[in-house]
There are 2 protein chains.
Amino acid sequence: MWNDTSRTDASATVTPKTGYHHGDLRAQLIAAVRDLVETHGPDGFSVAEAARRAGVSSAAPYKHFKDRPEILRGVVSEAMDRLRLVMEAAAAAHPTGSLEAVAAIGLAYVDFARAEPGVFRLVFSLTEGHEDAPDLQTKGEGCFGVLVQAVAACLDLPPGNPDVQRRSYMLWSFVHGHSFLNIDMKTKVTTAEIDDWGYLMTISRAILAGSAQS
Amino acid sequence: MWNDTSRTDASATVTPKTGYHHGDLRAQLIAAVRDLVETHGPDGFSVAEAARRAGVSSAAPYKHFKDRPEILRGVVSEAMDRLRLVMEAAAAAHPTGSLEAVAAIGLAYVDFARAEPGVFRLVFSLTEGHEDAPDLQTKGEGCFGVLVQAVAACLDLPPGNPDVQRRSYMLWSFVHGHSFLNIDMKTKVTTAEIDDWGYLMTISRAILAGSAQS
DNA sequence: GCCAATATGTGAGAGGTGCTAACTTTAGTC
DNA sequence: GACTAAAGTTAGCACCTCTCACATATTGGC
């Protein structure tokens, strides 16, 4: 099993195959699908088009993926890896246990959604074959775990503490909703535009300072 | 223009046509699509299958809708009407200006998402032809307006007040994110399950009481 | 009441898509 | 060098979207 998804550098948009065997088809298909999802929306993608972009026949993808949903799952998996990385990097840029670290994680999340709205939407719209993909579940929990760690450090409590979990979930809900609303009505938020950093700091403070109940 | 979407009662699942002319095809197609979206996921729907359910040929739908996205937009439009209604009803069940009214609106929102996760997701996943449908935009703002009204009454400020707008948006983000996370990992929220009402009351209080900045 | 005009249905069909089957080429192993 | 498995190919079925030409109701003007 060679799940080497990240072998190609992301900048290589179209690297035609070098012979009969492509050598890097799987990764390149994922990259092509990611691009298609981003430009033509989550539905405006077809396996055939992705194969065309990679310069192979329309049947070739099925040597690497069972079916269409599995390709999308591949894209989601790769996206979740990247999301986790930017979240961790954001947290690492601030002192451990600081409110800024928590807010920075949220900002990274929002920025990711804004940078790749199509992929972001795809991550949270996988209904078909979502359950028979425990690795995605695991990766999702991994992302959440980054936030939980920061919150736990901030409150000086263990990550397993119910209060930590609850407040983390509240923060996540908030950031998640903000991200979605943000990419849905892009730049047209009905009200005045929002300074994300101040916004997230305010939210983080409110949620981490308030009393816990219910 | 006869946009009479709500002529059929929702309980009539399959009302076969009565003659050559169907008489109520448009509404029944929307109902069929709504059901398909709910049971087979937002992607597992086809115009042909919807037509089959309504007992007409696969070309008939195109007499009522320009193309596939327009049918989905019809479903979304109808869903937004219903969403607004339940939000208004929830608000009306509590004293004007009370915190309970605000929380009840949020609960109605979450309940809607839980009751019709497929449709709910569809509402917020329309990328194709989303912009050339100003009525959907308007209806979305209408739903938001219900919340804004309640918040304004609660704070005793006019609805146009920037602070009212900001806090409403915060609440909306929260409820929206909670709804999405809720239907994504159904009942498996990693942490202990959540009492929605207490949760929403806590949030509403925190957001409406806290100081406004940024 | 009659007759256009229009609305709403039908079947046939072009072109695209998902996926499979059977075959061919390449790479790795003994 | 032969065998095997991996990774491509073409051909093709079933389905889907959408259009076109045609058939049939409904409606409004006279």
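The sequence lines fix the lettering, A, B, ..., with proteins before strands; numbering per chain opens at 1.
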Take the protein atom CD of A:Gln28 and the nucleotide atom P of D:dA7, then report the distance between them rounded to whole Å.
-> 15 Å
If only side-chain N and O atoms of B:Arg26 are considered, is one of them under 4.0 Å from the OP1 or OP2 phosphate oxygen of C:dA7?
-> no
Nearest-Å distance, CD (B:Glu70) to P (D:dT17)?
-> 15 Å
With a 4.0 Å cut-off, would you call A:Arg121 and A:Asp184 a salt bridge?
-> yes
Could you please name the option among D:dC18, C:dT10, D:dG8 that lies closest to any side-chain atom of B:Ser58?
-> D:dC18
To the nearest angstrom, the CZ-C1' distance between B:Phe45 and D:dT17 comes to 10 Å
List the steps and the verdict of side-chain contact (heavy atoms from CB on, under 4.5 Å) for A:Phe45 and A:Arg68.
-> CA-CA 10 Å; A:Phe45 126 82; A:Arg68 191 185 129 110; 3.7 Å; yes
With respect to the phosphate group of D:dA6, does any side-chain polar atom (N or O) of A:His64 fall under 4.0 Å of OP1 or OP2?
-> no
Could you tell me whether B:Ala59 contacts a base, only the sugar-phosphate backbone, or nothing, with contacts defined as non-hydrogen atoms closer than 4.0 Å?
-> base
Whole Å only: how far is the NZ atom of B:Lys63 from the P atom of D:dT26?
-> 16 Å
Considering only side-chain heavy atoms of A:Val47, which listed nucleotide, D:dG8, C:dG18, D:dC18, is closest?
-> C:dG18
Identify whether any heavy atom of B:Ser46 sits under 4.0 Å from a base atom; if not, whether one sits that close to sugar-phosphate; answer base, sugar-phosphate or nothing.
-> sugar-phosphate
Under-4.0 Å salt bridge between B:Asp135 and B:Lys139 = no
Is any NZ, NE, NH1 or NH2 atom of the basic residue among B:Arg84 and B:Asp81 found under 4.0 Å from an Asp or Glu carboxylate oxygen of the other?
-> no
Separation of D:dA6 atom C1' from A:Asp24 atom CG, nearest Å, is 15 Å
Rounded interatomic separation in angstrom, taking CZ from B:Arg68 and C1' from D:dT19 | 18 Å
Ignoring the backbone of A:Ala48, work out which of C:dG18, D:dT9, C:dG9 is nearest its side chain.
-> C:dG18
Protein-nucleotide distance (A:Asp43, atom CG; D:dC16, atom P), rounded to Å | 16 Å
Is any side-chain nitrogen or oxygen of B:Arg52 closer than 4.0 Å to OP1 or OP2 of D:dC15?
-> no
Expressed in angstrom and rounded to an integer, what is the separation of A:Tyr62 atom OH from D:dA6 atom P?
-> 20 Å
Is any NZ, NE, NH1 or NH2 atom of the basic residue among B:Glu49 and B:Arg53 found under 4.0 Å from an Asp or Glu carboxylate oxygen of the other?
-> yes
